[in-house]
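Inspection log for the structure reproduced underneath, given as structure tokens.
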Amino acid sequence: MGFLQLLKSQFLCHLVICYVFLVSGLIINLLQLCTLPLWLVSKQLARRVNIRLAYCIASQLVAALEWWSGTECTLYTDPENYPLYGNEKAIVVLNHSFEIDFLCGWTFCERFGVLGSSKVLAKKELAYVPIIGWMWYFLEIVFCKRKWEEDRRTVAQSLQNLHDYPENYWFLLFCEGTRLTPKKHQVSMQVAESKGLPKLKYHLLPRTKGFWITVQNLRGTVAAVYDSTLNFRNNQVPTLLGILNGKKYHADLYVRRIPLELIPEDEAECAAWLHHLYQEKDSFQEHYAKTSRFPGPTVSPPRRPWTLINWLFWCCLLLYPLGLLLTQLISSGSVLTIVVSVALCTAASLGVRWMIGQTEINKGSSYGNKEAPLNNN
Ligand SMILES: CCCCC/C=C\C/C=C\CCCCCCCC(=O)SCCNC(=O)CCNC(=O)[C@H](O)C(C)(C)COP(=O)(O)OP(=O)(O)OC[C@H]1O[C@@H](n2cnc3c(N)ncnc32)[C@H](O)[C@@H]1OP(=O)(O)O
Ligand SMILES: CCCCCCCCCCCCCCCCCC(=O)OC[C@@H](O)COP(=O)(O)O
């Protein structure tokens, strides 16, 4: 192990990174709160300001992936469509089997200039995650309870609100609805069987209602669906803790652009279309398992310096006062102050560990474990 790699695995480094993320995140959340009056004056300006503020948070995690861990991202796609990426609004359909799939998604958003405005249909529980969840509130992220009877109205309303969104965005949909586990796969294949649908080897059976309602409500606004299939080289199982430890991964993403007009309007036809899409996605994963690549030509969209610049900015801004505080603390010699400070640091690191836990599959929800979902946690 080289010196740099050893350094990246040190707990002290992780503490510093988490401190910068936590404090800058809370400052940005506060700034976002300050934009509330602006919504009354100019909604579009408030949205544009919030896109930039959100970029300052999300890009720190992207910087950790692309600059700290040095993870590489290769895109397999039709070169004819490449110039459209980032220059139109799109719905992204992605497989949900990796703990950092959302972060790879963000990384591609960053490289095509839509990171700040990127959106997702997310489970409601994530709205309460400090910093990221609070940031999403100001980005008009669409939340669902994964209870259709309640979601059909609220999700449609939130999607309608995006009609006059002033900047291009990618709207991410994990149609599987939950992360893939052997148990959830087994249950979902029983459902597939009961519905007379072909079994999938690498995916859960997609939930079709969220896709249909998204397509219907964003018609006329969004130009295309980007069918995206993600995998990692050499059977890597990437984690956020791995990224924090500086572990390098290699992500491969296969993207097909499907014009929105090609997607059926009728609910049943749209559902059948999505099931067929997942059967195709399954065959792409089979191809990957056999050949270690997706079909078609590759391109590696380059990483941009902005995520690093933003990260270094916050480090410079926040590490100096931390240094001053520590010096004062040690020179004060007060045992009580030192004990309180250590307790605060411990609480903060436990908080960050809890946030990282939100990304871990083994701490995931029980949604999809039973044919009729009983609860969401
Ligand atoms: C590559 C570029 C990437 C770009 C990235 C862009 C943006 C990035 C932005 C942000 C990044 C951060 C990401 C954060 C990630 C957070 C993601 C999540 O939170 S995923 C969870 C929430 N999302 C979803 O669930 C979406 C999919 N779900 C749906 O669409 C659902 O239909 C629903 C709308 C949520 C409603 O769910 P509900 O359970 O109430 O209803 P369903 O219709 O789904 O269920 C009943 C239906 O399903 C059948 N059934 C029962 N059991 C199962 C089972 N185990 N598997 C499959 N199907 C099952 C049941 O028979 C019913 O069938 P029917 O419809 O025929 O009646
Ligand atoms: C700069 C680096 C700083 C690192 C510090 C650590 C920061 C921690 C950040 C935590 C980010 C939290 C964002 C949560 C996104 C999780 C996305 C996700 O994958 O959700 C799962 C759901 O889709 C389905 O849930 P399940 O039903 O599988 O359960």
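Counting convention: from 1, in listed order, for ligands and their atoms alike. For clarity, every value in this text was computed on a predicted model and none was experimentally measured. The analysis underlying the following values was restricted to heavy atoms, covering all of them including side chains, and did not include hydrogens, waters or symmetry mates.
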Please say whether [X] places an N or O atom under 3.5 Å from an N or O atom belonging to ligand 1.
{"X": "A122", "answer": "no"}
{"X": "V120", "answer": "no"}
{"X": "W148", "answer": "yes"}
{"X": "Y367", "answer": "yes"}
{"X": "R146", "answer": "yes"}

Give the atoms of ligand 2, by number and element, whose distance to some non-hydrogen atom of [X] is under 4.0 Å.
{"X": "I17", "result": "1 (C), 2 (C), 3 (C)"}
{"X": "G364", "result": "29 (O)"}
{"X": "K123", "result": "22 (C), 25 (O), 26 (P), 29 (O)"}

Ligand 2 contacted by R146 (non-hydrogen, < 4.0 Å): yes
Let me see the working for R256 and D78 under salt bridge (Lys or Arg N to Asp or Glu O under 4.0 Å), right down to the final yes or no. CA-CA 7 Å; R256 294 185 303 163; D78 182 347; over 6 Å; no
Of all the heavy atoms in [X], does at least one lie under 4.0 Å from an atom in ligand 1?
{"X": "W136", "value": "yes"}
{"X": "K119", "value": "yes"}
{"X": "Q190", "value": "no"}

Less than 4.0 Å between a side-chain N and a carboxylate O, is that true for E150 and K145? yes
Just jot down the ligand 1 atoms closer than 4.0 angstrom to any heavy atom of [X], in number order.
{"X": "C109", "answer": "4 (C), 5 (C), 6 (C), 7 (C)"}
{"X": "K147", "answer": "40 (O)"}
{"X": "L121", "answer": "18 (C), 22 (C), 23 (N), 26 (C)"}

L40, CG atom: more than 12 neighbouring heavy atoms under 6.0 Å: yes
Is it the case that R257 places NZ or CZ above or below the six-membered ring of Y226, under 6.0 angstrom from the centre and within 45 degrees of the axis? no
Ligand 2 contact on [X] by region, counting heavy-atom pairs under 4.0 Å:
{"X": "I361", "value": "neither"}
{"X": "F21", "value": "side chain"}
{"X": "H96", "value": "side chain"}

Below 3.5 Å, N or O to N or O, backbone or side chain included: is there any such pair between R179 and ligand 2? yes
Testing K43, K119, R47 one by one against E140 for a salt bridge (charged side-chain N to carboxylate O under 4.0 Å, His left out), which residue passes? R47
Nearest heavy atom to atom 19 (O) of ligand 1, choosing from K123, M189, Q358, belongs to K123
Taking non-hydrogen atoms only, is F171 closer than 4.0 angstrom to ligand 1 via side chain, backbone, both or neither? neither
Would a line drawn from the ring center of W306 to the ring center of Y55 be shorter than 6.0 Å? no
